[in-house]
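Data block below; observations after.
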Amino acid sequence: MLKSRLFSLLSKYNLRINSDLGQNFLIVDDIIKREVERAEIKANETVLEIGPGLGFLTDELSKYAKKVYAVEKDSRLVEILQKEYSWKNVEIIRGDALKVEFPEFDKIVSNLPYQISSPITFKFLRYDFKKAVLIYQLEFAQRMTAKPGDKNYSRLSVMVQAKADVELVERIGRGAFYPKPKVDSAVIILNPKPKEEQIELDDSLVKALFQHRRKKASKALKDSYHMLELTKEKFKEIRRIFDKIPHAEKRVFQLSIWEIKDIEEFLRKEGILGCS
Ligand code: SAM
């Protein structure tokens with residue numbers, strides 16, 4: 001049913017799909033309903049959606065939320081949404097979700113444009129919210145949820161899980177979208193941890209470590225000392241300190257978030273981090 005509605009809108013507005021904007025529209029009604037159910041939206045809650053597209057998910061959200069803010073970059077889609085729907089509780093924000101300041105919201109529900117997955121996720125995590133239900137490319141979702149020792153465990157896993165509990169709850173085949181993307185997708189639920197349990201990590205340290213994820217932690221840092229803003233001279237002077245870091249013998253892809261924090265604290269104490 002959504003597929004025929006999509007085709008009729010495409011032909012009515014002579015719309016060409018812009019793949020540069022990750023325009024793969026969800027055309028399976030049940031998946032949209034499940035995404036909204038998982039968000040457990042209460043009647044007094046405000047929902048943020050990134051990329052409403054032709055409004056299919058937005059329409060379902062508008063039935064449950066007090067208010068929906070939907071940020072869309074494509075001006076043609078904004079015009080179509082304004083002509084086709086007469087929502088009272090939806091505000092369309094025309095703009096780039098990476099650049100606009102979000103209004104206050106309780107929850108996020110989105111089928112994300114995949115090309116901005118990483119920066120938009122880190123942007124979400126700078127806001128206060130209760131829960132997010134998000135569709136990502138499967139491979140990205142697997143990296144978000146990977147645990148120490150997994151083959152997908154990466155800088156993304158560490159930085160996201162330091163701030164939130166992350167769960168992959170459903171895989172979605174490419175046939176659920178039009179046009180069909182080249183990759184499968186997955187639904188992720190993101191529950192931010194209470195502020196006091198969130199772990200602040202030095203991003204340049206995590207980057208430096210995961211530049212060499214299969215090496216021992218001490219070797220990885222020696223090999224990417226430049227990413228810690230150390231000059232060659234300074235590094236030569238202090239390189240032995242790296243042998244003394246906590247968990248020095250562990251491979252980077254086996255380090256837990258807490259172990260990375262231990263390394264960070266050690267390097268701070270030694271004046272290697274946070275002194276530039
Ligand atoms: N919500 C619709 C659905 O589920 O069918 C469309 C999802 S589609 C995967 C991604 C949407 O994000 C498109 O409408 C696209 O125009 C929009 N978009 C892409 N980049 C964006 C950005 N930087 N800021 C806001 N919207 C963006």
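Small disclaimer: the values here were computed from a predicted structure and weren't measured. Counting starts at 1 for both ligands and their atoms, following the listed order.
- Residue pairs meeting the salt bridge (charged side-chain N to carboxylate O under 4.0 Å, His left out) criterion with at least one member in residues 151-162, sequence neighbours excluded, are Arg155-Asp203.
- Using a 4.5 Å heavy-atom cutoff, the side chains of Tyr225 and Lys234 are not in contact.
- Within 4.0 Å of ligand 1, counting heavy atoms only, the contacting residues are Leu21, Gly22, Gln23, Asn24, Phe25, Leu26, Glu49, Gly51, Pro52, Gly53, Val71, Glu72, Lys73, Asp74, Leu77, Gly95, Asp96, Ala97, Asn111, Leu112, Pro113, Gln115, Ile116.
- Judged purely by atom type and a 3.5 angstrom limit, Ser256 uses its side chain to pair as donor or acceptor with the backbone of Glu259.
- Not counting sequence neighbours, the partners of Phe140 by the side-chain contact (heavy atoms from CB on, under 4.5 Å) test are Ser117, Ser118, Thr121, Tyr136, Gln137, Arg143, Met144, Leu156.
- Applying the salt bridge (charged side-chain N to carboxylate O under 4.0 Å, His left out) test to pairs two or more places apart or on separate chains, those with a residue in residues 14-30 are Asp29-Lys33.
- Side chains of Glu49 and Ser110: a donor-acceptor N/O pair is absent below 3.5 angstrom, by distance only.
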